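We count ligands from 1, going down the list as the structure has it; atoms in each ligand are counted the same way. Owing to the predicted nature of the structure, the values given are computational and were not obtained by experimental measurement.
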Amino acid sequence: MGDTLPDAVRAMFAAAVSDMYQAEAPRYRAMKTLVADVNRQTLAADRELARRLAENGDLQRLDVERHGAIRVGTAEELSTLRRLFAVMGMAPVGYYDLSVAGIPVHSTAFRPISDSALRASPFRIFTSLLRLDLIPDAEAREMATKILAQRDIFTPRCRALIEIFETRGFDDDEARAFVVEAKKTLRWDGRATVSSAVYQRLHATHPLLADIVCFKGPHINHLTLHALDIDAAHRAMAARDMNPKAIIEGPPRRHCPILLRQTSFKANPEPVAFIEEDGRRVSGAHAARFGEIEQRGAALTARGRAAYDRLLAEAQAAAPLAADGANARTFHDELSRRFAAFPDEWTALGRDKLAFFRYSADPRARPREWTARASLDDLLGAGALRAEPIVYEDFLPVSAAGIFRSNLGERGAEERVERADQRAFEAALGAPVLNELALYEEAETRSLAPSLQALGIENLAAPEPAKSG
Ligand code: OOG
Ligand code: NI
């Protein structure tokens, strides 16, 4: 069994989940076709981009889903998911507190870590855990706890296969069987496990509570495709009446893309069947499932991220986005105006330590030429060292909140309790989450040492102190 096994299982799983969700959600299938069309047009209009993607092998994976999202109800569900995703080489990265947006969950992203793993299969699952501690209604809390205690979201075979993997790994048949069983945890079943009255009671408490508690498992609520030009894809969605969100979440369009831009079409009510106290099935509707597109840019340092968060908050304060997105234009103009303050050139983003870069030595640069007091800036300026921005592989809590909100139906003013609780999340998960900033920093550091070595440099000179006055 080679090291590539987790990547292969993840790729198989991503393909299986994509097929399943396309069959379950025809609107997602339609979006997938549309996004592929728009990507093709973008490539036709930009031969340089097409050449680059072909060169690094990204062209074949263009139509492969980048992420999906699920929501679970209990610590046991979350910790078993951690073990399940570990089989596919996915580790929990990042802690996202959604309570700041009035959404009673906290989350992590199970994802591949290494560059080669991300390249082999970029599939991630944004996973949220219900926080009953943020539901003030004691009766609803108790109902939810009781209902959740009665379900098992994993098949017995799935649980058995996880154990087998943990003790001795898989053979090929077991890997294939595992994909089939793991997929079942994420499937949709419109037969609710509760009565219409219980559903309505929980829905009135918080729509998310009903979505998480009333069904057999944590159905995929969206899958996300890569858009080469997200503005073009967003316009195309609007032109085809796909009911997209009013805005693209994240930073505005820029010359140097940063972090993550994403948008989605909105969920529609779908038929479901409740099971009444007397065992009768009655039909109803539930809206939760949608489709999303994303475009990723450079990972930002803590400093860059703080600047991003501040500019976004300023734009929000100056032109608060209405729940129905009616003032999207004004908000967008405000956002673009604010972000003019964020450097939009790679050299500036590097010099000001706002983004992370992967370094490589120019193969034509001669070793030893730089042994004397060269600083990073000198080497970059002279072209001896090259810097490629490192792609942001994680998520943004404000954007995630916007995605949740636009797909849960509009709600009035929320009672906002700001209470991050990473410790409780990690206790439920049964492991600490990895720190995404540390991962980017490591990748940057790891790339620098061999590059300097190739240039024959032992120690970098400190940058020239900025001249004051
Ligand atoms: C997850 C929303 C977060 C994203 O892309 O930010 C997310 C959810 O709705 O369960 O997927
Ligand atoms: Ni998403």
Side-chain angles (χ1 to χ4, degrees), residues 14 17-18 21 25 28 31-32 35 64-73 77-78 81 85 90 92-111 122-131 134 153 185-186 188 206-215 217-227 230 233-234 237 244-245 247-251 259-268 286-297 308-309 312 391-411 425 433 436:
V17 168
S18 171
Y21 196 57
Y28 175 72
M31 186 191 86
K32 188 163 164 113
V35 173
V64 167
E65 275 78 5
R66 300 306 144 122
H67 79 261
I70 57 176
R71 308 151 180 171
V72 293
E77 291 175 354
L78 183 68
L81 279 176
F85 287 128
M90 297 157 86
V93 179
Y95 173 75
Y96 301 90
D97 169 28
L98 277 306
S99 72
V100 291
I103 298 162
V105 302
H106 43 188
S107 322
T108 191
F110 289 100
R111 71 164 176 91
F123 195 58
R124 293 150 259 224
I125 295 265
F126 191 91
T127 305
S128 301
L129 173 66
L130 175 64
R131 288 185 68 179
L134 296 183
I153 66 171
T185 297
L186 273 50
W188 168 248
H206 198 293
L208 203 55
L209 195 56
D211 183 65
I212 295 175
V213 173
C214 300
F215 298 92
H219 41 274
I220 287 282
N221 68 60
H222 68 279
L223 289 182
T224 306
L225 292 161
H226 175 59
I230 197 169
H234 186 229
M237 278 160 75
K245 277 172 68 80
I247 64 155
I248 296 174
E249 304 281 353
L259 297 174
L260 170 64
R261 301 182 70 212
Q262 50 194 149
T263 191
S264 66
F265 72 73
K266 293 194 228 167
N268 272 352
H286 177 70
R289 286 138 30 92
F290 56 99
E292 188 186 42
I293 51 177
E294 63 167 49
Q295 190 173 6
R296 292 179 179 270
Y308 168 81
D309 286 339
L312 182 62
V391 176
Y392 187 62
E393 304 291 357
D394 294 288
F395 295 85
L396 298 167
V398 174
S399 299
I403 302 270
F404 265 105
R405 232 184 275 114
S406 60
N407 282 291
L408 287 173
E410 312 304 349
R411 281 175 58 94
F425 185 81
V433 298
E436 67 280 15

Ligand 1 contact by Glu294, heavy-atom criterion under 4.0 angstrom: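 No; Glu294 lies far enough from ligand 1 that no heavy-atom distance drops under 4.0 Å.
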What are the atoms of ligand 1, with element, lying closer than 4.0 Å to any heavy atom of Gln262?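 Listed by number with element, the hits are 4 (C), 5 (O), 6 (O).
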At a 4.0 Å threshold, what atoms of ligand 1 neighbour a non-hydrogen atom of Glu292?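 Counting from 1, the qualifying ligand atoms are 4 (C), 5 (O).
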Going by the closest heavy atom to atom 6 (O) of ligand 1, which one wins out of Gly402, Ser406, Gly250, Ala400?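 That would be Ala400.
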Which one holds for Asn221 and ligand 1: side chain close, backbone close, both close, or neither close, with close meaning a heavy atom under 4.0 Å?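 Near ligand 1, Asn221 shows its side chain, while the N, CA, C and O stay back.
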Glu249 and ligand 1 - part of the residue with a heavy-atom distance under 4.0 Å: neither
With a cut-off of 2.8 Å, does any N, O or S atom of Glu292 fall short of it relative to the Ni ion (ligand 2)? yes
Ranked by distance from atom 10 (O) of ligand 1, the top protein heavy atom is Arg71 NE, 2.8 Å
Heavy-atom pair of closest approach, residues Val93 and Thr108: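 Nearest pair, atom of Val93 first, then Thr108: O-OG1, 3.2 Å.
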Could you tell me which non-hydrogen atom of Gly217 sits nearest to which non-hydrogen atom of Ile153, and how far apart they are? CA-CG2, 3.8 Å
Of Glu294, Glu292, His234, the one forming a side-chain hydrogen bond (donor to acceptor under 3.5 Å, both in side chains) with Gln262 is Glu292
What is the distance from atom CG of Leu81 to atom CG of Leu186, rounded to the nearest 0.5 Å? 7.5 Å
I want to check a possible cation-pi pair here: Arg296 against Phe395, using under 6.0 Å from ring centre and within 45° of the ring axis as the test. yes
As a test of reading the structure, name the N/O/S atom of His67 that is nearest the Ni ion (ligand 2).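 Result: NE2.
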Test item: Arg124 side-chain N/O and Pro122 main-chain N/O as donor-acceptor pair under 3.5 Å: yes
Hey, does Glu65 have a side-chain heavy atom less than 4.5 Å from the side chain of Lys32? yes
